[in-house]
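Notes follow once the structure below has been shown.
Computed from a predicted structure; not experimentally measured. In what follows, chains carry the letters A, B, and so on, assigned in the order in which the sequence lines appear, proteins first and then strands, with residues in each chain numbered from 1. Below, each value reflects all heavy atoms present in this structure, side chains not excepted, and no hydrogens, waters or symmetry copies.
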Amino acid sequence: MASPSLAPPPRVNHRRSYARRALRADLLVTLLWASAAAAVALFLASGGAAQFTSAAQIVTSLGIVAGLVGTDFILVMLVLAARIPLIDRTIGHDRAIAVHRSLGKPALYLLLGHGALLLTGYGMSAGINPIAEIGPMWALPDMPLAFGGTGLLIAVVVTSLVAVRRRFSYEGWHLVHLLSYVAVAVALPHQLSVGGVLAEGTAQRVYWIGLYVLAFGAIATFRFVEPVVSSLRHRITVSGVRTIAPGVTSIELTGRDLHKLGASGGQFFIWRFWTGRTWWHSHPISLSAVPTAGSARITVRELGAGSGRISAVPVGTKVSFEGPYGLFSGAARTAPRLAIAAAGIGITPVRALLEHARLAPGEATVLLRASTPEETYLWDEIYDIAAAKGITCYVMVGHRAARGPGWMPADDARRGVTLASVFPDLARSDLYLCGPTAWLDLVEHDAKALGLPDHQIHAERFDW
Amino acid sequence: MRTRAVLGSLFASTAILVMGWQVGDTVLVSQPATMSLAGNDTGTSSLATGSVSGSQTSGESTGSTTGGSSGSTADGSTTDSNGGASDGTYTGSSVNTGFGPVQVAVTISGGEITDVAAVQLTDRDGKSVQISNYAAPILRQEVLDSQSANVSHVSGATYTSAGYLQSLQSALDQAGF
């Protein structure tokens, strides 16, 4: 019989497991660029190179290439947003979304360029201006759909610009963002019927449809089917809500086979609490304890209106979830020693991470940071784990220093405490940071100043 | 590790682009080859006595009658006024372009080209159809004006033009025009 609670991970050589993960990450990067190159190759393979003969042909050809590469980027963005476990385990949800975001504007520009260049190129061939060319193009089969798709795409990207997004609620923005699926889908018919590159009976057409199936299949599988199946299987309900400090609540959950959720300590789920007032919000919240067969726990601080309401959900509330996600776990280790700094509510994933980790005595050092004694959430539990596993604990309580390193209280700054004095073996350590963005950025800056390479820094910013 | 990702991306992308280029080149090399006058004619300009097929209608009606075959039909009445060209309708060979086969039929009457009808035009995709529909009337008029297949290509419709004139020339050869 398997142990009913989540077994600690087997002891691994962190350097070797990181080497494997880095190789996977490099392969993913290679795959991204290779897919863009493949989009251009599709055009070349259909004899495109010979079309660079007249000005009109060159403009038209560039337009076709822009459309192919832009669409490829959009499909890659869908894959990155699909929360595919392999990608999440390799680069983490944060990085995947960061790459997704960085592709958004280039993809839009390429697709707008696609439209403009083709209208110009075809217009030049026909001897009319690009605006007049819209008429004949509109008359082609599937083209009105493609024009519509472009409009949707503009709406999606514009609402995602930082300045504009702030005016939208998350739900409003997300609803518009879902239109990107429609935009990409309605663009497909014109690629297959109007575009010559993907003509019937060619390998290019097979490859392209394959890309679409892959992207939409990944979204359907990992964003819709898998969460629903997993939620139905584990049947999680709220079994208790406990206020552990002013504004901070631990929500106890029960369910079936929770040790088979596949969660590592430090990971988060996106939770949805099915009461009349809370079901339309979903909340990314880290586990604050490693799940056992029948129970799990999350701890949340009331920040937005949404998290305020979930601290009041009644016992028995049904809970659906997506996850586990994130690389703020033992899976991200690269070095033999472990250094952790957590501030405020950022303690929650650290609590689960330490509980789950198999650690040699003295391997890990933890720095706990709170502005006031009331904000020392879960510290008593951390002390217990530290005592049991031989973890060194430092605590810092008090408002930030006006002078010296801004991430520590004034007293410590005066005593000359530095990151290097807290973590003397930092160079051979993985540094896990979790807390408010402003605080975390300061610590990260100091760590980089000490020469700690990026792959040894694992940061989880708690802005919500 | 970043170096490896950069180099990997560079090599993979280059390899894929070169492969695409090579495939594209073979496509291009094979095109002129098939554009030479088709050898699948059933004999040389057999003078059929049948009636002139219904492609006398002007414009670029995409005749569905002959399909891909490149036989020739002509009516028997011979009025040799142009170096032995007989009156009648001659269907040129089907010429493959990258955007679909092109085949035209030419009608000779009184030693003059009186009509060119498209039997089949580039139709690989929507844009090709649009280009064909745009280019065919222009080519037809130029051919009627110049009374030869020696007219310039329509810009923006290079493949259609080349196929059109090639097929036309083979039809004119059959007619002895």
* **Pick from V40(A), L32(A), L44(A), D142(A) with the largest number of heavy-atom pairs that fall under 4.5 Å of chain B** => L44(A)
* Structure fact -> Looking only at heavy atoms, the pair that brings A37(A) and L17(B) closest together is O-CD2, 3.5 Å
* Residues, nucleotides or ligands: over 12 heavy atoms within 6.0 Å of N129(A) CG -> yes
* Asked: Does atom CZ of R205(A) have more than 12 heavy-atom neighbours from other groups under 6.0 Å away?
  -> yes
* Residue pair I16(B) / A41(A): nearest heavy atoms and the distance that separates them -> O-CB, 3.5 Å
* For residues T30(A) and S9(B), report the shortest heavy-atom separation together with the two atoms involved. => CA-OG, 3.4 Å
* Decide if atom CZ of R15(A) counts as having more than 12 heavy atoms of other residues, nucleotides or ligands within a radius under 6.0 Å. => no
* So, for D26(A) and R4(B), which heavy atoms are closest and what is the spacing to 0.1 Å? -> OD2-NE, 2.8 Å
* Checking M143(A) against chain B: side chain, backbone, both or neither under 4.5 Å from a heavy atom? -> neither
